[in-house]
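Atoms within each ligand, like the ligands themselves, are counted from 1 in listed order.
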Amino acid sequence: MPPTDNVQIAPAEGKLGILIPGIGAVSTTFIAGVEAIKRGLGLPIGSLTQLATIRLGKRTDGRSPKIKDFVPLAGLDDLVFGGWDIYEDTAYEAAVNAKVLEPTLLAQLKEPLSAIKPMKAVFDPEYIRRINGPNVKTKGSKMDKAKELMEDIANFRKTNGCSRLVMIWCGSTEVFHRAAPVHQTLASFEAGLCNNDPDIAPSQVYAYAALMSNVPFANGAPNLTADVPALLDLARERNVPICGKDFKTGQTFMKTLLAPGFKARMLGINGWFSTNILGNRDGEVLEDPGSFKTKEETKLSVLDQILQPKLYPDLYENLYHAVRINYYPPRGDAKEGWDNIDIFGWLGYPMQIKIDFLCRDSILAAPLVLDLVLFMDLAQRSGMRGIQEWLSFYFKAPMTAPGLYPEHDVFIQLMKLKNTLRWMRGEDLITHLGLEYYD
Ligand SMILES: NC(=O)c1ccc[n+]([C@@H]2O[C@H](COP(=O)([O-])OP(=O)(O)OC[C@H]3O[C@@H](n4cnc5c(N)ncnc54)[C@H](O)[C@@H]3O)[C@@H](O)[C@H]2O)c1
């Protein structure tokens, strides 16, 4: 008997609109990449939804379909893109300025990219300090602006004939702030929108507008955004999936690969110093101490959870962990990240590991954006609502239910993601126990 789905999954029919606050380096590399892949100009390297397989049943069964053949995902030809930015540059101009992709490749994609003109942004210079632009909504309260965003969303849906939409924040990192009383209930949040409460960040206005429009919301930056009780309640109330925060791409990705390995072998660590130089607009915004603090929080949280110093005081109690980011214009989007790791082994004998990762930030982030929008759409078609913890794989600071610590180990995250897909389709979950092969 074929397995029966645990959830009813509506088919992926019609167009899927991808709405992006922030038409910058990451989002244009994502959009241009999809357009290039559609034209056979490149491959979707780094994307699980496009390339990865999923093992089903026993190792001896030989069943390993591609994920995209196992669960119904929107096809690349059915994606349409739109977004908001404080600058008026089209996605083509923004991609040229970002200097991530070769001009010769962008020239071949000029037509679809030039058609994407950013809608007027909801912006507040108190939340992003080092940039300012003219393409912003100016009238009325934060609630008026949220309503304008809802109109933008409805118009986009209609003009492009979309059957479904997903929103993903690829805007700059906002300054660090904690949940305030205004974020505690939906009523206080809506009152705050009407009174222009300074504790409501622009990204929260977008998240509110998305959820009120029944559009799933993903957060690629470390901002607090939807991670507050009012918006979590709204997502559950309206049956909309949400996830975040902060794409796990370069240095933190390396950390969540390595740290579980050291811990698995019971090797100690007493120092982990990470520093980066990058010269794109993201780097410029992160020069502001407020925005850096937001980033630092998500980057620092990872090791503590993976290494569990309270359980292993001899190995990790005295770990000194520091993260630095410096804006260095000559490198543009080609970031360089150094890690110095001081580890110790048998009888406490010290060793050192040095990593020099010459990475490309947006090249690493673009496939994550693609996977997230396709999986968020799948989640919504499957009736899944609220925090999608199974998408932790993609984030530096995964959102979790209140009181639950996040899972940072990238391999556990991958198992969780694939088991969720197996569960959706009523397949056996894979535990790797394997005793049955030796009966
Ligand atoms: N590239 C990576 O590897 C990576 C990894 C994790 C997180 N991120 C985060 O993703 C985000 C985007 O990164 P990027 O390199 O594309 O940056 P970017 O500076 O190139 O693009 C961000 C864009 O957002 C716009 N913006 C700022 N505030 C806005 C608002 N309120 N509404 C609409 N647009 C707004 C800016 O004008 C800019 O064009 C950043 O927050 C970054 O920290 C990137």
Side-chain angles (χ1 to χ4, degrees), residues 19-32 46 82-91 93-100 116 118-137 142 145 148-149 152 167-175 200-207 209 218-225 244-254 276 278-288 291-292 294-299 325 327 332-335 337 357 359-369 372 394-397:
L19 286 167
I20 314 180
I23 301 296
V26 170
S27 53
T28 58
T29 306
F30 155 64
I31 299 170
W84 297 264
D85 205 288
I86 62 170
Y87 298 107
E88 285 159 345
D89 295 349
T90 64
E93 290 159 336
V96 169
N97 291 339
K99 296 194 181 69
V100 177
I116 302 168
M119 297 176 267
K120 283 189 191 310
V122 174
F123 187 70
D124 180 347
E126 284 299 314
Y127 278 87
I128 294 174
R129 300 213 176 106
R130 292 177 74 101
I131 57 172
N132 216 329
N135 196 35
V136 292
K137 300 190 195 300
K142 292 185 180 182
K145 289 175 183 149
E148 272 191 70
L149 287 176
D152 292 345
M167 188 185 289
I168 184 159
W169 174 271
C170 294
S172 316
T173 301
E174 294 175 330
V175 297
I200 299 182
S203 64
Q204 294 178 320
V205 183
Y206 286 94
N219 182 11
N223 323 320
L224 186 63
T225 314
K245 306 177 300 224
D246 207 5
F247 300 129
K248 178 152 85 176
T249 49
Q251 198 165 52
T252 309
F253 170 56
M254 295 303 288
N276 297 272
L278 81 163
N280 57 15
R281 194 182 281 156
D282 185 28
E284 192 174 354
V285 169
L286 292 173
E287 274 282 282
D288 175 68
S291 292
F292 176 68
T294 312
K295 202 48 138 185
E296 190 185 27
E297 289 271 319
T298 66
K299 281 181 167 263
I325 300 180
Y327 178 52
D333 197 66
K335 177 156 96 178
F357 189 8
C359 73
R360 292 173 188 267
D361 249 7
S362 304
I363 293 292
L364 291 169
L368 309 194
V369 181
L372 281 166
Y394 295 102
F395 295 112
K396 282 205 251 309

*Heavy atom under 4.0 Å from ligand 1: found in Leu364's side chain, backbone, both, or neither?*
neither
_Candidate pair Asp85 and Asn135, rule side chain to side chain donor-acceptor pair (under 3.5 Å), full reasoning_ = CA-CA 7 Å; Asp85 205 288; Asn135 196 35; over 6 Å; no
*For Tyr206, enumerate each residue passing the ring pair (Phe, Tyr, Trp, His ring centres under 6.0 Å) test, keeping only those at least two apart in sequence or located in another chain.*
Trp84, Trp169
*Identify, for atom 21 (O) of ligand 1, the protein heavy atom at the shortest distance, and state residue, atom and that distance.*
Gly24 CA, 3.3 Å
*Identify the closest protein heavy atom to atom 19 (O) of ligand 1: which residue and atom is it, and at what distance?*
Arg281 CB, 3.2 Å
*Find all atoms of ligand 1 within a distance of less than 4.0 Å from any non-hydrogen atom belonging to Lys396, and give their numbers and elements.*
6 (C)
*Is the closest side-chain heavy-atom distance between Leu372 and Phe30 below 4.5 Å?*
no
*Who are the side-chain contact (heavy atoms from CB on, under 4.5 Å) partners of Tyr127, not counting sequence neighbours?*
Asp124, Glu174, Val175, His177, Ala201, Pro202
*For atom 28 (N) of ligand 1, the protein heavy atom that lies nearest, with its residue and separation*: Ile128 CD1, 3.3 Å
*Does an N or O from Asp361, backbone or side chain, lie closer than 3.5 Å to an N or O of ligand 1?*
yes
*asked:* Residue-level breakdown please: for Phe395 versus ligand 1, do any non-hydrogen atoms fall below 4.0 Å on the side chain, on the backbone, on both, or on neither?
replied: neither
*Determine whether any heavy atom of Tyr127 lies closer than 4.0 Å to an atom of ligand 1.*
no
*Mark yes when over 12 heavy atoms from residues, nucleotides or ligands other than Arg129 sit less than 6.0 Å from its CZ; otherwise mark no.*
yes
*So do the side chains of Lys142 and Ile200 get within less than 4.5 Å of each other, counting heavy atoms only?*
yes
*May I ask you to identify the nearest protein heavy atom to atom 33 (C) of ligand 1, giving residue, atom name and distance to one decimal place in Å?*
Tyr206 OH, 3.4 Å
_Closer than 4.0 Å to some heavy atom of Tyr87 - which atoms of ligand 1 meet that?_
37 (O)
_Please compare Gly220, Pro118, Ser172, Cys170 and report which has the shortest non-hydrogen distance to atom 8 (N) of ligand 1._
Gly220
*Would Glu174 count as a contact of ligand 1 if the rule is a heavy atom under 4.0 Å away?*
no
*Heavy-atom contacts with Ala121 under 4.0 Å: which atoms of ligand 1 show up? List them by number with element.*
32 (N), 33 (C)
*Flag the pair Asp361 and Lys335 as a salt bridge only when some basic side-chain nitrogen lies within less than 4.0 angstrom of an acidic carboxylate oxygen.*
yes
*Does some side-chain heavy atom of Asp89 sit less than 4.5 Å from a side-chain heavy atom of Pro118?*
no
*Just heavy atoms, cut-off under 4.0 Å: does Lys248 contact ligand 1 by side chain, backbone, both, or neither?*
neither
*Got Asn280 and Asp333 here, is their nearest side-chain heavy-atom distance under 4.5 Å?*
yes
*Run the numbers for me: atoms of ligand 1, each under 4.0 Å from some heavy atom of Ala221, listed by number.*
41 (O)
*Looking only at distances, please establish whether an N/O atom of ligand 1 is found under 3.5 Å from an N/O atom of Val26.*
yes
*Starting from atom 37 (O) of ligand 1, find the nearest protein heavy-atom neighbour and note its residue, name and distance.*
Asp85 OD1, 2.7 Å
*Would you say ligand 1 has an N or O under 3.5 Å from any N or O of Trp169?*
no
*Under 4.0 Å from a heavy atom of Phe123: give me the atoms of ligand 1 that qualify, with their elements.*
28 (N), 31 (N)
*Short list, please: which atoms of ligand 1 are under 4.0 Å from a heavy atom of Gly22?*
23 (C), 24 (O), 25 (C), 33 (C), 34 (N)
_Check: Ile20 and Ile31 side chains under 4.5 Å, non-hydrogen atoms_ = yes
*asked:* Looking at non-hydrogen atoms alone, which of Val285, Ile86, Asp246 comes nearest to atom 7 (C) of ligand 1?
replied: Asp246
*Tell me which protein heavy atom sits closest to atom 15 (O) of ligand 1, plus the residue, atom name and distance to 0.1 Å.*
Asp282 CB, 3.5 Å
*Short N or O distance, Ala25 and ligand 1, threshold 3.5 Å exclusive*: yes
*Can you find a heavy atom in the side chain of Pro134 that is under 4.5 Å from one in the side chain of Ile86?*
no
*Any side-chain heavy atom of Phe123 within less than 4.5 Å of one from Asn132?*
yes
*asked:* With rounding to the nearest 0.5 angstrom, report the CG to OG1 distance, Asp246 to Thr173.
replied: 6.5 Å
*Are the side chains of Lys245 and Pro222 in touch, meaning some heavy atoms are under 4.5 Å apart?*
no
*Spacing of CE belonging to Met254 relative to NZ belonging to Lys248, to within rounding of 0.5 Å*: 12.0 Å
*Answer with side chain, backbone, both or neither: which part of Thr249 has a heavy atom less than 4.0 angstrom from an atom of ligand 1?*
side chain
*asked:* Test of understanding: given a 4.0 Å heavy-atom threshold, classify the contact between Val122 and ligand 1 as side chain, backbone, both, or neither.
replied: backbone
*Trp84 heavy atoms, cut-off 4.0 Å: which ligand 1 atoms fall inside?*
33 (C), 34 (N)
*Specify the protein heavy atom at minimum distance from atom 41 (O) of ligand 1: its residue, its atom name, and the distance to 0.1 Å.*
Gly171 O, 2.7 Å
*With Ser203, which of Thr225, Val122, Leu224, Ile128 fulfils side-chain contact (heavy atoms from CB on, under 4.5 Å)?*
Thr225
